[in-house]
Structure formats: C-alpha cells, structure tokens
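These numbers come from a predicted model, not from an experiment. Note on naming: letters A, B, ... go to the chains in the order of the sequence lines (proteins, then strands), and numbering restarts at 1 for each one.
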Amino acid sequence: MSQISLTFPDGNARDFDAGVTPAEVAESISKSLSKKAISATVNGAHWDMQWPITSDSSIAINTMQDDEPALELIRHDLAHIMARAVQEIWPDVKVTIGPVRDNGWFYDFDRQEPFTPEDLGAIEKRMKEIINARDAVRTELWTRDQVRQYYTDSGEPYKVEILDRIPEGEDIRMYWHGEWMDLCRGPHLQHTGQVPADAFKLMNVSAAYFLGDNTRPMLQRIYGVAFKNRDDLKKYLTFLEEAEKRDHRKLGREMDLFHMQEEAPGQVFWHPNGWTVYTALQDYMRRKQRAGGYLEINTPQVVDRKLWEASGHWEKYQHHMFVVEVDESRDGENDDASAKNKDHTRINALKPMNCPCHVQVFNQGLKSYRDLPLRLAEFGSCARFEPSGALHGIMRVRGFTQDDAHIFCTEDQIQAECARFIDFLANVYQELGFPEFEIRFATRPEKRVGSDESWDYVEGALENAIKAVGREYTLEPGDGAFYGPKLDFYLTDAIGRVWQCGTFQVDPNLPERLGASFIGQDGDRHRPFMLHRACLGSFERFIGILIENWEGKLPFWLAPRQVVVASIVSEADDYVNEVVAELTKAGVRAEADTRNEKINYKVREHSVGKVPVILAIGHREVEERTVTVRRLGEKQTSVTSLAEIVSSLGKDATPPDLL
RNA sequence: GCUGCUGUAGCUCAGAGGUAGAGCACUCCCUUGGUAAGGGAGAGGUCGAGAGUUCAAUUCUCUCCAGCAGCACCA
C-alpha cells in the first residue's frame with residue numbers, strides 16, 4: 001500500500017497508508033484526542049472522521065474547541081437527529097431537506113397534520129434520547145441506483161427528487177445512525193452523543209415551499225437553534241427576548257407614535273408623537289440634502305398608466321400597483337364615483353416609485369452639460385400593493401415615503417457622484433447613531449443589456465469610488481439590475497442586527513426609455529446616466545429601525561416628548577408653566593404635568609413613556625428658581641438653575657447637523 | 001399570495017351553547033404627596049364582518065377581512 005504524508009498544524013509531517021481516515025490519524029496521536037475529535041480539516045476542507053485521505057495533505061483534527069466546525073456539526077447532526085426523531089414518532093411523515101442556518105437548523109417535513117407545540121416537546125424529548133444513546137454515525141458512498149431504490153422502497157418521493165438534482169459525477173453519500181438513514185454530503189460527528197443535549201431548542205414550526213418554489217407543495221418547517229453549551233443557548237434566548245422588547249409595533253403603541261387599522265392595511269396613521277419624530281427626521285434630511293447639493297422637487301401621486309408603460313413598469317409590475325380608474329365623463333354633481341363609462345375611463349396608477357416622474361422634471365426645458373450633475377431629490381410618497389403576507393408593522397408597508405433622489409450625470413461623473421454619496425450616507429448614518437455599515441456591490445447579471453465595455457467602465461467607477469472614500473465592500477456577483485450595477489448599504493443596529501437601507505444604482509436604461517437628453521460640449525444631444533439613490537430608504541421603515549435600535553429611547557433631538565416639567569405641589573404650577581415657556585422658547589419640546597398626582601406616579605408614567613428628561617418642581621425649586629433633573633434610565637437626580645437647564649437642554653435639542 | 005395560528009373594553013388578557021369579566025388606562029371625589037403605581041366611586045363591549053346550524057350563537061360550521069409566525073415577494 002502506498003504511503004502519503006500528512007502535515008499537521010504545527011508543521012510536522014508524518015507518513016500514513018493512503019486511505020487513512022482522520023479517525024485513525026487521531027487514534028495514532030492519542031486516545032483522548034480520538035475521543036474528543038469531531039471532524040478534521042483536510043487541505044482546508046471540512047472532513048468527516050470516517051472519510052479516507054488518499055494523497056499528501058495538510059490536516060488538522062477539530063474538537064469542540066474549534067467554534068466553526070463544532071457549531072456546523074452540532075447543528076447539522078441535530079437536523080438529522082430531529083428528522084430521525086420525527087420519523088420514529090410518526091413513520092408516515094416524509095422527509096426532505098434540513099440545512100444548517102444562522103443559529104441553528106431547520107428541517108422540512110411533509111405531514112398531513114400540523115405539528116403542534118406539544119409535538120415539538122415530544123420531538124425534543126426523543127432527540128435527547130437519541131443523543132443519550134450515543135449511536136455511532138456511519139457513512140458510505142452509494143450508487144445513484146442504490147439510493148433511488150432505497151428511497152423508492154421507503155416511499156420518500158422528495159428524497160428521490162433531491163437525488164435527481166445532484167449533478168452527474170458527484171459522490172452520493174448516505175449517513176445513518178440507529179435505523180435512520182439520510183442522503184447527505186456530510187461531514188458529521190462521530191456519534192450522536194457528541195451533540196450537547198442541553199444546548200438546543202426547537203423554536204417553532206411554520207410553512208415553507210418545497211425547494212423554496214411557490215409552485216411546489218407547502219411543507220412544515222421545524223426550526224431549531226443550537227449552540228456549544230447551555231450558556232450560549234441562554235444568551236441567544238435572552239437576545240430574542242431583548243429583540244422582542246424593542247419591537248417597534250409594541251413601542252409605537254406604548255409611546256403613542258402611530259397606529260394602523262383594517263381599513264388601510266399597510267399604511268400608517270401617525271399620531272402627534274410619531275409625526276414629531278417623522279418631521280424631525282425629514283427636516284434633518286432636507287437640510288442635509290440641501291447642503292449636499294440636491295434640489296428638492298415634488299411630483300404627482302396619481303399618474304396615467306401611459307407613463308408607466310413608457311417606463312416599462314406597467315408590463316412588469318402592474319400587479320403591484322394601486323390602480324385608480326376614473327370615469328372622466330362624470331359631471332361632478334350627482335355622480336356615482338364607481339360608475340364606469342368605459343369610453344371615458346382613464347387608468348392611473350398611484351406612483352410606486354419616483355424615477356419616471358423625476359425624468360419628467362429633467363425633460364422640461366433643454367438641459368446642457370453645464371447643468372450636470374443635476375441632483376433632484378424628493379420625499380416621494382409611493383404606494384405599492386405589497387402581498388398581504390409581506391406586511392410588517394411600519395417596516396414593510398403599502399404606503400411609504402422614500403428619501404429619494406436621482407442624479408442625472410455623464411458617464412465620467414459617475415465615480416465622483418458615487419464617492420460623494422457614500423460620504424453623505426456615512427455621515428447621516430453616523431449622526432443618526434449607526435456608525436457601522438457595510439457596502440455590498442452587486443455586479444452584472446447573466447441577463448443584461450449594454451455592452452461589456454460599458455459594464456466594465458461603470459463597475460470600475462463604483463469600485464474606484466468605494467476605494468476613493470477608503471471603504472471596503474463585499475461582492476455580490478450577478479446581483480445587479482439588468483441595466484446596471486448597484487451598491488446596497490447595510491447598517492448594524494445596537495443589538496447587532498443588520499438592515500438594508502441605502503442604495504445606489506446606476507441606470508442608463510430609464511433615461512433612454514423616457515427620452516432624457518442634454519446638449520454636450522460638442523453641441524450634440526447626449527443621453528445622461530441616471531443614478532438612483534436613497535439613504536434611509538423609507539421614512540416609515542427607518543423610523544421603525546430607529547425605534548428598535550434605541551429601544552424607544554430616541555436621541556434627545558429626535559425624541560417626540562423631550563421634557564416633562566412635573567409639579568410636586570400645586571403651588572408650583574405657575575413656575576412649572578414658566579419653565580415650560582422658557583424651554584419652548586429655547587426650541588425644546590416641553591410640556592407641563594400639573595395633574596393632581598404624586599411625583600412617583602408622574603415619574604413612573606413618563607419613564608414608561610420614554611421621556612428623556614423629567615424636571616420636578618416643588619416648593620424648594622420655586623423658591624430657588626431651580627429645577628430637579630431626572631434623566632431617563634438614571635436613578636440619580638440633580639438640581640440645576642433654570643437658566644442653566646434651559647441652555648443645556650436647548651443645546652441637546654439641536655439636531656446633530658446644526659451643532 | 002401560500003401554510004398554520006389569532007381576533008372579547010383604549011391596552012394586556014380570562015371566559016362559557018342561555019346575549020360577558022379582571023388588571024391597567026379613562027371620568028369624578030378625597031388626598032398637596034419629593035423621584036417607577038396613594039385611596040374611593042363611576043363609566044365603558046353589536047365579543048372582527050357576513051351567512052349557516054339551533055328554541056337560543058359572542059361560543060359550533062362556512063366565507064370574508066385584518067393581525068401574528070414562517071415561506072414566497074420586495075422595481
């Protein structure tokens with residue numbers, strides 16, 4: 001038998017018989033290592049302890065100390081153990097796939113009856129039994145026919161289909177423990193007992209299409225989470241609770257920011273508090289954009305279908321538009337608005353986006369190259385008929401307002417405009433409390449228009465722009481639009497969740513379709529490029545993110561109710577009103593609370609309402625013309641003179657761009 | 001849109017085939033109290049909408065609407 005040389009992480013090499021398995025290698029090193037080992041890394045590939053190594057290789061034996069392989073294996077093995085448990089309890093359930101995901105795994109089953117929470121408990125119990133049985137995990141390469149026979153005999157049509165999707169020439173491997181087999185490329189642990197029995201939890205069951213395809217049957221997906229130990233699991237469950245506490249729908253109600261109701265699904269009724277946040281944010285963005293060289297415009301809501309046909313949106317997206325049919329022959333007096341005189345009906349759509357309207361503004365008058373780059377911004381209210389199942393609080397809605405802008409420019413201005421936008425966005429995110437964000441660069445897709453040379457140029461311009469402002473990006477090859485590449489901006493919130501908000505997209509297509517042009521230096525007409533860009537995305541969604549990020553405790557300048565001045569005794573009422581008046585004069589949103597309630601009660605109520613500052617006024621303060629300051633989240637209070645607090649809160653109330 | 005679940009007072013939720021209950025919030029009264037709920041009284045509901053079964057439906061059945069979780073979708 002031929003010999004191969006295996007090189008260990010410490011640089012030492014040893015010879016073994018070809019076909020040696022990591023299990024044998026580990027055994028040759030020490031008994032304890034072979035017991036602890038969970039997998040190997042062979043030439044950088046994650047390698048099962050049972051797989052033979054046939055050529056000279058580098059090798060590292062992994063144990064539970066190695067986070068990445070450990071978590072991968074724990075979760076993947078749990079997927080198998082769960083599927084086995086399910087089939088042991090309900091033998092007629094059909095299995096499909098069960099990949100590792102985020103903090104755990106899921107497995108999709110086909111079963112007539114829905115799984116109940118009690119079922120999950122039973123499955124979990126059976127899983128623990130399987131783990132405690134310490135069943136050896138075995139694997140073998142099978143032929144395609146063997147596997148097909150096996151799954152045909154056992155009545156597993158989904159598995160047969162999955163088998164058929166494995167490309168010709170690839171190894172087909174079966175894994176099993178106990179009586180239970182699964183088609184799987186591995187690797188897996190050495191035995192089921194290597195899975196920590198107290199560090200996983202079945203979370204919920206929901207529906208998912210087979211292979212993610214909405215024309216295929218709906219399956220039941222059971223989600224589980226798993227970690228290396230019980231503490232990590234606990235930490236994760238605490239994180240979930242934390243996220244739940246921040247839910248903007250809950251906080252929106254508690255802080256009286258907005259509500260939604262049946263008659264207007266997916267649309268927001270902003271209350272005074274919420275609208276204060278909204279307008280503060282919008283005023284801020286308006287100033288930033290003005291300073292950033294944008295010209296603000298406003299365009300119509302109800303636009304004839306003709307424009308959407310011209311832009312190409314009607315063809316592709318009409319089912320996602322709110323269509324408004326109007327009988328224009330109505331006399332305007334005793335008409336029935338729903339009556340349709342087909343000969344005089346005009347079909348409009350509520351605008352789902354602003355771009356075509358912006359091109360209309362650009363198209364007015366003759367544009368010169370001297371006008372470029374022309375940056376047209378709009379807080380554009382859009383309506384999209386989102387599928388009912390997509391709606392989510394104010395995060396995903398049917399009526400929303402984008403902080404939209406379109407930059408009309410020449411090809412050689414793209415890079416500078418892109419760099420300029422990244423800086424703009426970075427500054428805004430910073431000021432709004434999101435110092436960290438990630439850029440994802442989506443490049444040319446398979447199906448596209450335009451020459452390779454122009455794609456080369458435009459992609460190069462974006463890449464250079466990112467470099468010019470000293471930032472990194474991750475590449476998403478093939479994810480661009482059919483007409484141009486784009487950048488998506490993902491910010492990270494206070495508990496580490498990432499949200500896509502900003503976008504920057506290069507579009508030579510729409511100017512073409514809608515006939516935009518400018519007169520160049522050469523006196524000829526040229527096509528401008530159009531750069532779509534948004535920083536917040538939509539105000540609705542961004543405010544949702546702000547609420548969740550700050551757990552409702554918005555920065556002072558954004559807080560809807562900034563200060564409550566609370567009386568302790570009613571003799572203080574006049575002075576309370578005076579303090580409120582002074583604060584109001586200084587630009588602070590202050591209100592008086594002179595209700596006949598104890599100070600404890602008022603403090604509690606306004607704390608729950610996330611008011612950042614409570615000023616308490618009793619006899620002492622009236623006498624000394626001071627206030628007692630209590631900041632949200634602090635138990636400590638401090639006494640300050642009226643003049644001082646007015647000036648310091650006045651400063652706090654100033655938006656970051658005006659400091 | 002799909003699968004499952006849910007819909008009872010402003011909010012959070014209990015309840016039962018014979019037309020409803022709690023806590024908080026609200027209104028009024030007492031209380032002027034020094035930093036996260038002072039006491040008392042009162043008012044408040046076509047039980048998501050429609051249809052069916054029944055002597056009787058908010059309760060059971062069906063349809064619709066909306067919400068929640070996930071999937072699919074997100075120009």
Asks: Mind checking Met353(A) for me? I need base, sugar-phosphate or nothing, with any heavy atom below 4.0 Å counting as a touch.
Replies: sugar-phosphate
Asks: Taking only the side-chain nitrogens and oxygens of Arg253(A), find out if one of them lies under 4.0 Å from OP1 or OP2 of rU12(B).
Replies: yes
Asks: Does a nitrogen or oxygen in the side chain of Ser388(A) sit under 4.0 Å from OP1 or OP2 of rG1(B)?
Replies: yes
Asks: For Phe489(A), does the six-membered ring have the charged nitrogen or CZ of Arg533(A) within the cation-pi criterion, i.e. under 6.0 angstrom from the centroid and within 45° of the normal?
Replies: no
Asks: Tell me, please, whether Tyr575(A) has Arg625(A) positioned over its six-membered ring: NZ or CZ under 6.0 Å from the ring centre and within 45 degrees of its axis?
Replies: no
Asks: Suppose we call a contact any N or O donor and acceptor under 3.5 Å apart; does that hold for the side chain of Thr628(A) and the base of rG34(B)?
Replies: yes
Asks: Specify whether Tyr278(A) and Trp275(A) have parallel, tilted or perpendicular ring planes, treating 30° as the upper limit for parallel and 60° as the lower limit for perpendicular.
Replies: parallel
Asks: Check whether the side chain of Arg396(A) and the base of rC73(B) form a donor-acceptor pair under 3.5 Å.
Replies: yes
Asks: Base, sugar-phosphate, or nothing for Phe115(A), non-hydrogen atoms under 4.0 angstrom?
Replies: nothing
Asks: Rounded to whole angstrom, note down the P distance from rG39(B) over to rC47(B).
Replies: 34 Å
Asks: Round to the nearest Å and state the distance from His606(A) atom NE2 to rA36(B) atom P.
Replies: 13 Å
Asks: Rounded off to whole Å, could you give me the CZ-to-P distance for the Arg595(A) and rC26(B) pair?
Replies: 7 Å
Asks: Check every strand shown and say whether Val608(A) touches a base, only sugar-phosphate, or nothing at a heavy-atom separation below 4.0 Å.
Replies: base
Asks: Does Ala208(A) reach a base, just sugar-phosphate, or nothing at all? Heavy atoms under 4.0 Å.
Replies: sugar-phosphate
Asks: For rG70(B), does the base pair up with any side-chain atom of Tyr209(A) as donor and acceptor (N or O, under 3.5 Å, distance only)?
Replies: no
Asks: rU3(B), rA75(B), rG67(B): which one has an atom nearest the side-chain heavy atoms of Met218(A)?
Replies: rU3(B)
Asks: Counting the atoms with a prime plus P, OP1 and OP2 as sugar-phosphate, which does Gly633(A) contact under 4.0 Å by heavy atoms, base, sugar-phosphate, or nothing?
Replies: nothing
